[in-house]
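One structure is given here, and the rest of the page talks about it.
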Amino acid sequence: MSVTSWFLVSSSGTRHRLPRELIFVGREDCELMLQSRSVDKQHAVINYNPATDQHLVKDLGSLNGTFVNDLRIPEQTYFTLKLSDIVRFGYDIL
């Protein structure tokens, strides 16, 4: 098992540690809550794959999309995150 810790860092510098489990990202009732009108109530999920020691993000069909390095990822498809990727939920950069 890796000892590497993954974090999402907001544009203001706030760090959000990513657990080694599935988390929901959105405006309401989510493990990572973003207070933005461009983020859906349940916008995306971030999952951890212990076999590869990687985190993956999946958009849940949100109106304003989920972006990795300014490219909108397809809905309902997991996208593997790499170190220093820039992830955006709607118009909020993390």
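- Between Gln76 and Lys58, the closest heavy-atom pair is C-CD, 3.5 Å.
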Side chain to side chain donor-acceptor pair (under 3.5 Å) evaluation trace for Ser5 with Arg17: CA-CA 7 Å; Ser5 292; Arg17 184 182 197 140; 2.4 Å; yes

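- Using a 30° and 60° split on the angle between ring planes, Trp6 and His55 fall in the tilted class, from 30° to 60°.
- Just one of Val45, Asp59, Val57 meets the side-chain contact (heavy atoms from CB on, under 4.5 Å) condition when paired with Tyr78; it is Val45.
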side-chain contact (heavy atoms from CB on, under 4.5 Å) assessment of Cys30 paired with Val25: CA-CA 6 Å; Cys30 293; Val25 179; 5.8 Å; no

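- How far CZ of Phe79 is from CZ of Phe67: 12.5 Å, rounded to the nearest 0.5 Å.
- Thr66 contributes no side-chain N or O that, together with a main-chain N or O of Phe89, makes up a donor-acceptor pair within less than 3.5 Å.
- Remark: Ser84 pairs with no residue by the side chain to side chain donor-acceptor pair (under 3.5 Å) rule, at least two apart or across chains.
- With hydrogens and angles left out, the side-chain atoms of Asp40 and Ser62 include no donor and acceptor closer than 3.5 Å.
- If you take NZ on Lys41 and CZ on Phe24, they are separated by 15.5 Å, rounding to the nearest 0.5 Å.
- Under the 4.5 Å side-chain heavy-atom criterion for grouping Ile, Leu, Val, Met, Phe, Trp and Tyr, Leu56 is connected to Leu60 within one hydrophobic cluster.
- Looking only at distances, a side-chain donor or acceptor of Arg27 sits under 3.5 Å from a matching main-chain atom of Val39.
- Side-chain atoms of Thr77 come within 3.5 Å of backbone atoms of Glu75 as a donor-acceptor pair (strictly under, hydrogens ignored).
- Summarising the geometry, atom OG belonging to Ser38 is positioned 7.0 Å from atom NE2 belonging to His43; distances are rounded to the nearest 0.5 Å.
- Hydrophobic clustering places Ile23 together with Val68 (ILVMFWY residues linked when any side-chain heavy atoms are closer than 4.5 Å, directly or through intermediates).
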side-chain contact (heavy atoms from CB on, under 4.5 Å) assessment of Ile46 paired with Leu22: CA-CA 6 Å; Ile46 299 175; Leu22 178 89; over 6 Å; no

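- Side-chain contact check for Tyr48 and Asp53: at least one donor-acceptor pair (N or O, by modelled atom type) lies under 3.5 Å.
- With Asn49 contributing its side chain and Gln54 its backbone, the two residues share no donor-acceptor pair below 3.5 Å.
- With values rounded to the nearest 0.5 angstrom, Asp85 atom CG is found 11.0 Å from Asp70 atom CG.
- Judged by distance alone, the side chain of Asn69 and the main-chain N or O of Ile86 form a donor-acceptor pair under 3.5 Å.
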